[in-house]
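Data block below; observations after.
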Amino acid sequence: MDELFYREYILEHYRSPHNYGHLENPDISVEDDNPLCGDRIRVDLKVEDGRIADVRFEGKGCAISQASASMLTDAVKGMKLEDMLRLGKDEIMENLGAETLAAARIKCATLGLKVLKAAAMRALERAVEAEGQRP
Amino acid sequence: MDELFYREYILEHYRSPHNYGHLENPDISVEDDNPLCGDRIRVDLKVEDGRIADVRFEGKGCAISQASASMLTDAVKGMKLEDMLRLGKDEIMENLGAETLAAARIKCATLGLKVLKAAAMRALERAVEAEGQRP
Amino acid sequence: MIAGTPHTTDEKAERVRADFPLLATRTSKGKPLVYLDSAATSQKPRSVIDTVSSYYERYNANIHRGVYEIAERATEAYEAARKRVAAFFNAASTDEIVFTRNATESINLVCYTWGFENLHAGDAILLTRLEHHSNIVPWQLLAAKTGAELRFLELDGQGRVVLDDLERKLQGVKLVALTHVSNTLGTIVPLEQIVPAAHAAGAVVLADGAQAAPHLRVDVRALDVDFYAASGHKMLAPTGIGALFGKRALLEAMPPFLAGGDMIRRVTFERTTYNELPWKFEAGTSNISGAIGLGAAVDYLQTLDMTWVREHEVALTSYALERLAAVPHLTLYGPKQAQERGGVAAFTMGDVHPHDLASILDAEGVCVRAGHHCTMPLHELLGLTATARASFYVYNTFADVDALIEALEKAARIFKL
Amino acid sequence: MIAGTPHTTDEKAERVRADFPLLATRTSKGKPLVYLDSAATSQKPRSVIDTVSSYYERYNANIHRGVYEIAERATEAYEAARKRVAAFFNAASTDEIVFTRNATESINLVCYTWGFENLHAGDAILLTRLEHHSNIVPWQLLAAKTGAELRFLELDGQGRVVLDDLERKLQGVKLVALTHVSNTLGTIVPLEQIVPAAHAAGAVVLADGAQAAPHLRVDVRALDVDFYAASGHKMLAPTGIGALFGKRALLEAMPPFLAGGDMIRRVTFERTTYNELPWKFEAGTSNISGAIGLGAAVDYLQTLDMTWVREHEVALTSYALERLAAVPHLTLYGPKQAQERGGVAAFTMGDVHPHDLASILDAEGVCVRAGHHCTMPLHELLGLTATARASFYVYNTFADVDALIEALEKAARIFKL
Ligand SMILES: Cc1ncc(COP(=O)(O)O)c(C=O)c1O
Ligand SMILES: Cc1ncc(COP(=O)(O)O)c(C=O)c1O
């Protein structure tokens, strides 16, 4: 792993994460952890018209997982759920400047993505259910 | 192991074992086996004045174990129990002409000795008990 | 020489042989080594020996939790080995492959978890009369503790499993535990007939593949077995590593077996939640070098091609059966057709005890096993206490069979048969 | 530099280092390897690696039943290894040494046999708050199934076990299961005080020696422990081999654990009688090369001399504690005196997460572990989710400590502490 990875802006995101905290009455709230290192992230979503209207996260863990989640919440605000689901590991890594990250740490870097995707998935399922219940 | 070990007289003892069968009303009867290869030997003893008055064995197994038991029963007839207990592995091996026998086969060669010693031991214990019960 | 393609498979076997350092050694008497005991354990190719050394020399580290380079590399190699093993058995996923010590532990794992969870008084377990102690004793213990009953499929005169009464025998059976290939008679058990019948009767099937995995192309999905047990050391891999295949749904529902590091997800002083498959069943530090070595062994076998492995085995076994049958006073056990058996030939010769036979053969450099081969009950059934057994693998050649026959003839002369 | 004999022990350690091929390698960035994760697994000396290869190249064969030469030789080497291990622990007899996969299996073996046989509802098991998951989770499972209760000896501010209430805590206790040396805090647990008290209270004592056996002179008879568990891979031996010491009378009374080949005496289709100690507990083909490798490892350690091993560890740990204490923002956990601890130093540094710390150290070639080290409950007790841990062994030198400190200072600069 490249020590240069811990750049200024990563440390800033780690120490002053964006979109940190929780939403009042979120539409969706999902939490997961990375059992290997104990990183943990919870994401709250507000969804409107199939888009992420607002997002907050809370978590603890290493700089990689927390900075990644922080940057990711910035990126997905306003995004369509479907587009969000298409985000891949590579984009996250590029975003982080962490293409050379060791395998064990990739799980840290992508924990935020995993939780966000789980939340988006649940939002879509709900929409389908709601659809089904219309007369 | 030296293939020459399977000499004429060993095969004779294997095929026509001496002292084979059982004694009527033996003083002692002991059986044991070699679980690794399934060899099995039972020995019957008649004891008089602390000596082996008569001996028979029965068994099945390899030529080494059976010939060894056959030769040994010849050798111990008339022997004092104490002297019998002093017989060692080396004497057996020499007797058999089997000094170079592989370790796994030594257990075969000495099975008869093991059973005979167990029988002699039991005979001595009985003698001590009988002693203790005298008024 | 008979049917098959002995010559061509034998030429390749000669080349294969050169990959096995031990086969180039000589006995203390200076005789070339004729290793005919692969059913007990196989020899190891240079590639497997070197893979293990290279792990220790270059990237030895504990797996799964290390952040640093060699720990990453060790983790990747360990999990890559699991992927190779999963592919070798055509498992649906690496989650279905648990690394164990050997086939025995694989069977015990199922016994202690699935077995104790699912078997109750009155339930039956169906085995065959061919089973190795490792596939009898665990079930005896389970039966003794739960009140379940053991039943057996009988054998015909050639040691083949009688299937006429299969449906009747399957009544009330919760588990069928049976060998895929017999280590004593060589019998190949027709799983493709038994598994569907067992499933139709509502039973789960565990196949003991200790003697099959090294020799046959085993496709756990095509066989549709629920559990499959194998030992690495019999299939060119190091000692101390084995595998258990289990269908995911079964493994998921099973309680854990050994408890400790690595098989957990969260531990508090009060309570524990378990890790995902397959790690839920791998407690403590695994045999990392063993697993990586098993990966290399499986690679080697796939390079040889399992079709060739089986073809060569059939050719060699046919030849051996033919030559053995011609030895005076020799009695062969098991199926008559090489196609119906693995590369194992158990026999007796006159009144020469198998141990004496093996000792005489040893003096000629010919390594065979003598005894009950961990199938005492089967031997008892055959009215024997011991047999001599020659077994073949990828590095054996027709010349090895010739050496066996010569040594047997010498034994016959010594014993004046 | 402080008390002890750092210079002389360090000179020898430099020579020892040369025996370990991996320590001469470099990272992908070309950095020399500074291996500080021996508490996870140790590196292996050339003699152990070669002993394993040589087994496979010269006398690989299955043990205990083979009549031929290489099988004899393998059997002798395997049992000679057991003799070496018995001598290393000063066991009364080789019958008291069972080969297992690792310390985890050793503990589980006792749990499944002695434990399930002897523990009932209302009985208590006494552990410490230091325990590794491998010495917690088996007992949790046992407690859940039997209704036995788990109790814990508490820790003081330095992570030392509080013994004031030992007698009270021992009331109703059938088993005391405790680590000899903590893998996280390094604490050496005073077995010499606890064992007699436990015996007086009628309890049996199992010590988890995974971190002690590699480092201290362990004399199971002097300690008077009933069971002692160890892992080979932490004491220079291959992966996949461990040992369980058990007092003969206990082992004899215990039911078997895994069932299968080699652990039996007689098997019929109906019933089985078991083999003698220690084989009763070794089912199936053992990790033969692993056991022989463990024998070579124990030889190597005894040549180094366990007194030197401990002296060097104390010297190195003293030096490390002193230097670590001087690093700004660094918090050290565990006993303050090197004499009271093994060669393990767990720490945190400011708000740098241990995983980030380990990654930065890795870039410098310094291998440390980050996480909970399989002691999640202990970490929770300390209010932590993770620590970084450096651990030392015979091949580490003062220069390795210096490299660690430099790398930590670099991490502090990167994180602008
Ligand atoms: C104190 C302690 N106990 C038990 C274990 C388990 O050892 P293994 O994983 O080799 O079974 C370890 C190893 O991490 C340990 O440090
Ligand atoms: C048919 C069969 N099952 C099980 C086993 C047990 O294998 P292992 O000793 O490797 O556990 C063997 C090996 O002898 C075998 O031949």
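Order of the sequence lines sets the chain letters (A, B, ...), proteins ahead of strands, with each chain counted from 1. Note that the structure is predicted; figures quoted are calculated from it, not measured.
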As a quick check of understanding, evaluate side-chain contact (heavy atoms from CB on, under 4.5 Å) for B:R105 and C:D356, giving each step before the final call.
CA-CA 9 Å; B:R105 306 307 308 282; C:D356 295 319; 3.0 Å; yes
Over 12 non-hydrogen atoms of neighbours within 6.0 angstrom of [atom1] in [X]:
X: B:M93; atom1: CE; answer: yes
X: B:E94; atom1: CD; answer: no
X: B:K46; atom1: NZ; answer: yes

ring-ring contact (aromatic ring centres under 6.0 Å, His included) filter on B:Y14, not counting sequence neighbours, yields none
Taken in chain and number order and not counting sequence neighbours, the residues that satisfy ring-ring contact (aromatic ring centres under 6.0 Å, His included) with C:F152 are D:F269
d(B:Y6 OH, C:I360 CD1) to nearest 0.5 Å is 5.0 Å
Closest non-hydrogen atoms of C:I414 and B:L11, given as atom of the first, atom of the second and distance, are O-CD1, 3.0 Å
Note: B:C62 and C:H355 closest approach over all heavy atoms is CB-CB, 4.2 Å
If you tally heavy-atom pairs under 4.5 Å between each of B:E8, B:K60, B:R40, B:R15 and chain C, the highest tally belongs to B:R15
